[in-house]
Amino acid sequence: MTGIQDVPTAAGEIRVIDPARLEEIARYEPHTDEQIELALEQAHAAQRRWSELPVETRSAPLREAARILRERRDEYAELMVREMGKPIGEARAEIEKCATGCGYYAENAVRFLAERVIESTAQRSWAAYEPLGVVLAIMPWNFPFWQALRFAAPALAAGNGALLKHAPNVSGCALAVEALFAQAGFPEGLFRSILVAPARVGEVTERLIADPRIAAVTLTGSERAGMAVAAAAGRALKKSVLELGGSDPLVVLEDADLPTVAAAIAKSRYMNAGQVCIAPKRVIAPAAVYDELERLVVEAVEALTVGDPLDAATQVGPLAREDLLENLERQIEATVGEGARLLTGGRRLDRPGHYFAPTVLGDVRPGMTAFAEETFGPVAALVRAADEDEAIELANDTPYGLAASVWTGDPRRGLEAGRRLRSGALFVNGVVASDPRLPFGGTRRSGYGRELSEEGIREFTNLRTYWVGS
């Protein structure tokens with residue numbers, strides 16, 4: 001889930017490649033140490049002034065950001081498509097989601113950050129949510145606008161500044177987000193994007209986390225990146241929020257409407273060419289309904305339209321980069337070699353671009369590669385369980401804990417089953433999705449901390465206690 005493995009030029013430039021056409025669309029000169037220092041100093045200075053303003057003032061520019069996002073939706077969406085291959089319909093929906101998120105915090109920041117009166121032995125006592133400072137955000141390429149906005153909108157409204165280290169293959173999106181906040185009326189320098197060559201990401205981020213002007217760090221990415229960031233934050237004794245990988249289970253109970261479930265799997269697992277942390281990676285069904293579900297899923301997946309991501313009819317576009325294709329091929333080959341059945345797909349498509357056929361694996365079992373590892377591409381692993389109890393046991397047989405869903409004809413039964421699952425989110429009879437109104441994040445090796453909702457805006461605040469005597 002980290003950035004593209006761009007091939008730098010001799011001069012160290014970042015090359016951005018259109019994954020659908022394999023054409024270079026842009027080159028960016030990485031920021032020098034001096035430029036990064038300037039960006040950090042600008043954000044630090046702007047944040048100190050910004051933090052003194054009331055929440056009403058700090059949240060107001062988010063309304064203008066929402067307006068700009070909607071006004072320039074098609075422009076931003078096409079940039080996303082060209083840089084990382086997301087189908088144009090999904091890209092437009094992502095921009096609309098960003099606008100909704102900005103509007104949500106514009107309307108609710110004052111309420112979420114209101115001081116809370118507490119009765120004590122003092123004449124007056126209360127708790128207040130106060131800004132931390134400049135937050136370093138390290139973000140991936142798969143939702144290049146949403147990942148940045150869902151962090152930045154609440155963080156800025158809370159009085160913080162932000163330094164964004166985005167994935168190199170979406171450098172254009174990173175700069176567009178910086179320009180968006182400036183155009184919306186946030187102070188100059190409060191939000192800065194820095195471009196870092198892939199070979200220097202570890203060095204630069206570790207140095208920034210250690211810098212006293214950085215107050216906290218948030219990362220969405222791989223386990224390996226999360227461990228590195230958590231270790232650096234720990235050494236610096238700084239707050240960190242991590243949203244890492246997942247191998248989310250979709251548990252089907254015997255009374256579920258199977259055609260509905262199959263359609264939901266085809267939509268949610270193959271969105272963004274399967275490059276979604278909260279997509280259902282493992283579909284687990286009791287033996288009584290497994291065979292019929294398998295037939296319906298294969299039928300639905302084979303009906304998906306693979307094509308040019310700029311074509312509105314396309315449902316599945318290319319993967320973002322070559323190494324993702326190679327890893328997916330390895331995982332599928334290994335899983336089939338371990339005894340799973342390849343039901344459809346399982347190969348690169350014979351066309352220009354990083355295209356991989358939508359794939360379904362049947363009778364995947366614990367210990368197999370596609371069961372144990374996160375598969376980040378258009379492949380679903382179908383798992384046969386003896387009954388509901390074993391389905392729950394298999395769903396929990398993972399080190400991850402991002403999200404889970406249960407599908408059933410009886411929502412109460414689904415909730416009872418879902419409470420036995422370990423995850424940061426549970427959806428009953430619905431596709432797992434992030435929503436500005438709902439807290440978002442994982443547990444276990446899927447990370448810690450929360451984004452979105454009121455918990456998300458408070459993550460990067462100091463909960464300060466006030467006690468005043470007579």
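All heavy atoms count here, side chains included; hydrogens, waters and symmetry mates do not. Source: prediction; values computed, not measured. One-based numbering along the sequence shown.
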> What are the two closest non-hydrogen atoms of Ala370 and Thr335, and how far apart are they?
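Shortest heavy-atom contact: N-OG1, 3.0 Å.
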> Can you check whether Val229 reaches Leu242 side chain to side chain, under 4.5 Å on heavy atoms?
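They are in contact (side-chain heavy atoms under 4.5 Å apart), so the answer is yes.
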> Specify whether Phe376 and Trp141 have parallel, tilted or perpendicular ring planes, treating 30° as the upper limit for parallel and 60° as the lower limit for perpendicular.
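Perpendicular: the ring planes of Phe376 and Trp141 meet at over 60°.
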> Distance-only, no hydrogens or angles: does the Asn160 side chain make a donor-acceptor pair with backbone N or O of Leu132 under 3.5 Å?
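Yes, the answer is positive, given that a donor and an acceptor are paired below the 3.5 Å cut-off.
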> Just how far is it from atom CD1 of Ile17 to atom NE2 of His354, taken to the nearest 0.5 Å?
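Interatomic distance, Ile17 CD1 to His354 NE2, rounded to 0.5 Å: 8.0 Å.
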> About how many Å separate OG of Ser268 and NZ of Lys281, when rounded to the nearest 0.5 Å?
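Going from NZ on Lys281 over to OG on Ser268, the span is 10.0 Å.
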> So Arg92 and Glu96, salt bridge (Lys or Arg N to Asp or Glu O under 4.0 Å) or not? Walk me through it.
CA-CA 6 Å; Arg92 289 171 178 151; Glu96 176 59 33; over 6 Å; no
> Stepwise, does the salt bridge (Lys or Arg N to Asp or Glu O under 4.0 Å) test hold for Arg235 with Glu206?
CA-CA 10 Å; Arg235 285 192 296 271; Glu206 186 165 351; 2.8 Å; yes
> For Phe143, is the NZ or CZ atom of Lys86 found under 6.0 angstrom from the centre of its six-membered ring and inside 45 degrees of the ring axis?
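Geometry flag: set, cation within 6.0 Å and 45°.
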> Can you see which heavy atom on Pro30 is nearest to which on Ile14, and at what distance?
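Nearest heavy atoms, Pro30 then Ile14: CG-CG1, 3.9 Å.
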> Would you sort out whether Glu322 and Arg348 count as a salt bridge (Lys or Arg N to Asp or Glu O under 4.0 Å), showing the intermediate values?
CA-CA 11 Å; Glu322 174 70 19; Arg348 297 187 192 214; 2.8 Å; yes
> Side chain of Tyr270, backbone of Thr359: donor and acceptor closer than 3.5 Å?
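Side chain of Tyr270 to backbone of Thr359: a pair is present.
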> Heavy-atom count around Glu333 CD within 6.0 Å, excluding the residue itself: above 12?
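Open: at most 12 neighbouring heavy atoms sit under 6.0 Å from CD of Glu333.
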> Got more than 12 heavy atoms from elsewhere within 6.0 Å of CZ, Arg330?
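Atom CZ in Arg330 is packed in, count exceeds 12.
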> So do the side chains of Arg21 and Asp308 get within less than 4.5 Å of each other, counting heavy atoms only?
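When only atoms from C-beta onward are counted, Asp308 and Arg21 do touch, with a gap below 4.5 Å.
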> Counting only N and O atoms by type, is there a donor-acceptor contact under 3.5 Å from the side chain of Ser125 to the main-chain atoms of Ala122?
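It does not hold such a pair.
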> Would you please classify the geometry between the Phe181 ring and the Phe191 ring as parallel, tilted or perpendicular, with 30° and 60° separating the classes?
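Tilted, since the angle between the ring planes falls between 30° and 60°.
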> Within a strict 4.5 Å, meaning less than it, do heavy atoms of the Leu452 and Asp435 side chains meet?
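Leu452 does not reach Asp435 side chain to side chain.
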> Using a distance-only test with no angle check, is there a side-chain donor-acceptor pair under 3.5 angstrom linking Ser434 and Lys97?
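Present: a donor and an acceptor within the cut-off.
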> So, Ser193 side chain and Ala174 main chain: donor-acceptor pair closer than 3.5 Å or not?
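Side chain of Ser193 to backbone of Ala174, a donor-acceptor pair under 3.5 Å: yes, one is there.
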> Does Asn108 reach the main-chain N or O of Tyr104 with its side chain, forming a donor-acceptor pair under 3.5 Å?
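Yes, Asn108 side chain to Tyr104 backbone: donor-acceptor pair under 3.5 Å.
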> Flag the pair Leu195 / Glu29 as yes when at least one side-chain heavy-atom distance between them is below 4.5 Å, and no otherwise.
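Not touching, per the 4.5 Å side-chain cut-off.
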> Tell me the closest heavy-atom pair linking Ser446 and Gly245, and the distance in Å.
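Closest approach of Ser446 to Gly245: OG-O, 2.7 Å.
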> Should Glu107 and Arg63 count as an ion pair when the cut-off is N to O under 4.0 Å?
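Arg63 and Glu107: salt-bridged.
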> Can you name the closest pair of heavy atoms from Ala233 and Val217 and give their distance?
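Shortest heavy-atom separation between Ala233 and Val217 comes out as CB-CG1, 3.9 Å.
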> Cut-off 3.5 Å, side chains only: do Glu373 and Gln331 have a donor facing an acceptor?
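Yes, side-chain donor-acceptor contact under 3.5 Å.
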> Using a cut-off of 6.0 Å, state whether more than 12 heavy atoms not belonging to Glu188 lie near its atom CD.
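No, because the 6.0 Å sphere around CD of Glu188 holds 12 heavy atoms or fewer from other groups.
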> Within the side chain of Thr461, is there an N or O that forms a donor-acceptor pair under 3.5 Å with the backbone of Leu463?
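Such a contact is absent between Thr461 side chain and Leu463 backbone.
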> Could you go through Phe356 and Ile332, starting from their C-alpha distance and side-chain angles, then the distance that decides it, and tell me whether this counts as side chain to side chain contact (heavy atoms under 4.5 Å, CB included)?
CA-CA 12 Å; Phe356 199 90; Ile332 291 171; 3.5 Å; yes
> Any non-hydrogen side-chain atom of Asn429 less than 4.5 Å from a side-chain atom of Val406?
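Side-chain contact under 4.5 Å: no.
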> Taking all atoms of both residues into account, what is the closest heavy-atom pair of Cys173 and Phe145, and its distance?
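Closest heavy-atom pair between Cys173 and Phe145: SG-CE1, 3.6 Å.
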> Look at the side chain of Gln275 and the backbone N and O of Ala320, then say whether any donor-acceptor pair between them is shorter than 3.5 Å.
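Checking the backbone N and O of Ala320 against the side chain of Gln275, a donor-acceptor pair under 3.5 Å is found.
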> Flag the pair Asp397 and Arg422 as a salt bridge only when some basic side-chain nitrogen lies within less than 4.0 angstrom of an acidic carboxylate oxygen.
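No, no charged N to carboxylate O under 4.0 Å.
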> Apply the test side chain to side chain contact (heavy atoms under 4.5 Å, CB included) to residues Leu208 and Ile36: give CA-CA distance (whole Å), side-chain angles for both, the deciding distance (0.1 Å), then the verdict.
CA-CA 9 Å; Leu208 285 170; Ile36 293 172; 4.0 Å; yes
> Is any side-chain heavy atom of Arg269 less than 4.5 Å from a side-chain heavy atom of Thr375?
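A side-chain contact exists here, since the closest heavy-atom pair is under 4.5 Å.
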> So, do Arg207 and Arg200 sit near enough that their side-chain heavy atoms are less than 4.5 Å apart?
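Touching, per the 4.5 Å side-chain cut-off.
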> Which pair of heavy atoms, one from Pro168 and one from Val16, lies closest together, and at what distance?
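Between these two residues, the closest heavy atoms are O-CG2, 3.8 Å.
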> Can you measure from OG1 (Thr305) to CG (Asp311) and round to the nearest 0.5 angstrom?
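The distance works out to 9.0 Å.
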> Once you round to the nearest 0.5 Å, how far does CD of Glu52 lie from CD of Gln47?
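It is 9.5 Å, given to the nearest 0.5 Å.
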> Kindly say whether Leu53 contributes a backbone atom to a donor-acceptor pair with the side chain of Arg58 at under 3.5 angstrom?
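Checked: pair present.
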> Go through Lys239 and Glu459 one step at a time and tell me if the salt bridge (Lys or Arg N to Asp or Glu O under 4.0 Å) criterion holds.
CA-CA 9 Å; Lys239 173 74 177 286; Glu459 278 284 6; 2.7 Å; yes
> With the threshold set at 4.0 Å, does a side-chain nitrogen-carboxylate oxygen contact exist between Glu41 and Arg192?
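Salt bridge between Glu41 and Arg192, a charged N being under 4.0 Å from a carboxylate O: no.
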> Should the pair Tyr466 and Trp126 be assigned to parallel (<30°), tilted (30 to 60°) or perpendicular (>60°) ring geometry?
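It falls in the parallel class, under 30°.
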> Should Thr218 and Ile138 be marked as a side chain to side chain contact (heavy atoms under 4.5 Å, CB included) after you check the CA-CA gap, both sets of side-chain angles, and the distance that decides it?
CA-CA 6 Å; Thr218 180; Ile138 303 164; over 6 Å; no
> Under the side-chain hydrogen bond (donor to acceptor under 3.5 Å, both in side chains) criterion, do Tyr400 and Glu223 qualify, and how do the steps go?
CA-CA 10 Å; Tyr400 298 106; Glu223 278 184 81; 2.7 Å; yes
> Using modelled atom types only, decide if a donor and an acceptor are shared between the side chain of Arg282 and the backbone of Ala395 within a distance under 3.5 Å.
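Yes; judged by distance alone, with no hydrogens or angles, the pair exists.
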> Hydrogens and angles aside, do Gln183 and Arg72 bring a side-chain donor and acceptor to less than 3.5 Å of each other?
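There is such a pair (donor and acceptor under 3.5 Å, judged by atom type) between the side chains of Gln183 and Arg72.
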> Calculate, to the nearest 0.5 Å, the distance between atoms CD and CZ belonging to Glu455 and Arg450 respectively.
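Glu455 CD to Arg450 CZ: 9.0 Å, rounded to 0.5 Å.
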> Treating Ser453 as the side-chain partner and Gly456 as the backbone partner, does any N or O pair qualify as donor plus acceptor under 3.5 Å?
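Absent.
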> I need the Asp323 CG to Leu328 CG distance, nearest 0.5 Å.
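The distance works out to 11.0 Å.
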> In sequence, state the C-alpha distance, the side-chain angles, and the governing distance for Leu69 and Cys102, and then conclude on side chain to side chain contact (heavy atoms under 4.5 Å, CB included).
CA-CA 9 Å; Leu69 283 161; Cys102 287; 4.1 Å; yes
> May I ask you to test the Arg150-Glu243 pair for a side-chain heavy-atom distance under 4.5 Å?
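In short, these two side chains touch, coming nearer than 4.5 Å.
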